[in-house]
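Below is one structure, written out as structure tokens, with a few remarks after it.
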Amino acid sequence: LATLSENPGNRLRMSDLADKVLISRSRMTYRVDHLIGRGLVVRSRSSDDGRGVEAQLTTAGTELLESAGAQYSDEVRRMFINQVDGAMVDDLMGLFSSVSRASDQPLSSG
């Protein structure tokens, strides 16, 4: 659903969708059939040339994706962000600054 939502018209050729999510085309067909059964996706002829088949997110699919995104954000906040105090943030900023500076340096051969 997320991959479809990131494309114009919330649609993508089935072959491209399979490639983007790194599964076989037959497995993608199976997954899309399941999503169609739940009313989250529809399948149609390609809007480009009419030869290919595209999957397109439905309104219900968009609503489910938005709801899941909100729940995910709430859980990340609860499990991680709310567990970090000011001193920890300072420590993390120092750590990430060091890593960032090191990533600008050439790799050593050791």
Side-chain angles (χ1 to χ4, degrees):
L1 298 180
T3 302
L4 288 174
S5 75
E6 295 166 352
N7 287 279
N10 294 330
R11 63 189 310 130
L12 194 60
R13 272 174 127 45
M14 293 284 290
S15 57
D16 294 337
L17 182 58
D19 292 345
K20 283 186 180 249
V21 298
L22 305 175
I23 63 174
S24 70
R25 292 185 173 140
S26 62
R27 186 72 180 155
M28 180 52 64
T29 298
Y30 174 81
R31 293 300 305 148
V32 167
D33 286 345
H34 177 76
L35 295 171
I36 289 170
R38 294 181 58 198
L40 304 174
V41 170
V42 293
R43 186 182 291 125
S44 60
R45 286 280 165 206
S46 173
S47 57
D48 291 339
D49 61 16
R51 293 180 298 155
V53 177
E54 294 179 331
Q56 182 175 15
L57 203 56
T58 64
T59 300
T62 300
E63 290 170 356
L64 178 64
L65 185 59
E66 289 170 356
S67 172
Q71 290 175 357
Y72 176 78
S73 294
D74 290 347
E75 282 299 299
V76 168
R77 186 175 296 106
R78 183 183 69 77
M79 294 178 67
F80 297 101
I81 296 171
N82 292 348
Q83 308 308 316
V84 178
D85 63 24
M88 291 174 166
V89 170
D90 291 342
D91 290 342
L92 286 170
M93 291 302 292
L95 171 68
F96 292 137
S97 292
S98 295
V99 169
S100 178
R101 282 190 302 275
S103 69
D104 291 336
Q105 300 299 315
L107 294 175
S108 64
S109 61

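All values reported here derive from a predicted model rather than from experimental measurement.
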### Task
Show your working on salt bridge (Lys or Arg N to Asp or Glu O under 4.0 Å) between Arg13 and Asp19 and close with a plain yes or no.
CA-CA 10 Å; Arg13 272 174 127 45; Asp19 292 345; over 6 Å; no
#### Entry: Met88 side, atom CE; Asp90 side, atom CG - distance, nearest 0.5 Å
11.5 Å
### Query
What residues form a salt bridge (charged side-chain N to carboxylate O under 4.0 Å, His left out) with Asp91, not counting sequence neighbours?
none
Show every donor-acceptor pair shorter than 3.5 Å between a side-chain atom in residues 95-102 and any protein atom, with sequence neighbours excluded, or say none if there are none.
residue: Ser97; atom: OG; partner: Met93; partner atom: O; Å: 2.9
residue: Ser98; atom: OG; partner: Gly94; partner atom: O; Å: 3.2
residue: Ser98; atom: OG; partner: Arg101; partner atom: NH2; Å: 3.3

### Message
With rounding to the nearest 0.5 angstrom, report the CG to CG distance, Asn7 to Leu12.
### Response
4.5 Å
### Exercise: identify the closest heavy-atom pair between Arg45 and Arg51
NH1-O, 3.0 Å
### Query
Side chain of Gln83, backbone of Arg78: donor and acceptor closer than 3.5 Å?
yes
### Message
Under 4.5 Å between side-chain heavy atoms, counting indirect links through other Ile/Leu/Val/Met/Phe/Trp/Tyr residues: same cluster for Met79 and Tyr72 or not?
### Response
yes
## Note on the structure
Heavy-atom closest pair (Ala2 atom, Ser5 atom, distance to 0.1 Å) is O-OG, 2.7 Å
### Message
Strictly distance-based, threshold 3.5 Å: is any side-chain N or O of Ser73 a donor or acceptor partner for the main-chain N or O of Gly69?
### Response
yes
### Query
Roughly how far apart are Ser15 OG and Lys20 NZ, rounded to 0.5 Å?
11.5 Å
Show me the donor-acceptor pairs within less than 3.5 Å that the side chains of residues 27-42 make with the rest of the protein, sequence neighbours left out.
residue: Thr29; atom: OG1; partner: Arg25; partner atom: O; Å: 3.1
residue: Asp33; atom: OD1; partner: Arg43; partner atom: NH1; Å: 3.2
residue: Asp33; atom: OD1; partner: Arg43; partner atom: NH2; Å: 2.5

### Query
Of all heavy-atom pairs between Leu4 and Leu57, which one has the smallest distance, and what is that distance?
CD1-N, 4.1 Å
### Query
Just by modelled atom types, is the Gly9 backbone N or O under 3.5 Å from a matching donor or acceptor in the Gln56 side chain?
yes
### Message
Just verifying a value: how many Å separate Glu54 CD and Ser44 OG, rounded to the nearest 0.5 Å?
### Response
5.5 Å
### Query
Is there a path of hydrophobic side-chain contacts, each under 4.5 Å between heavy atoms of I, L, V, M, F, W or Y residues, that connects Leu92 with Val76?
no
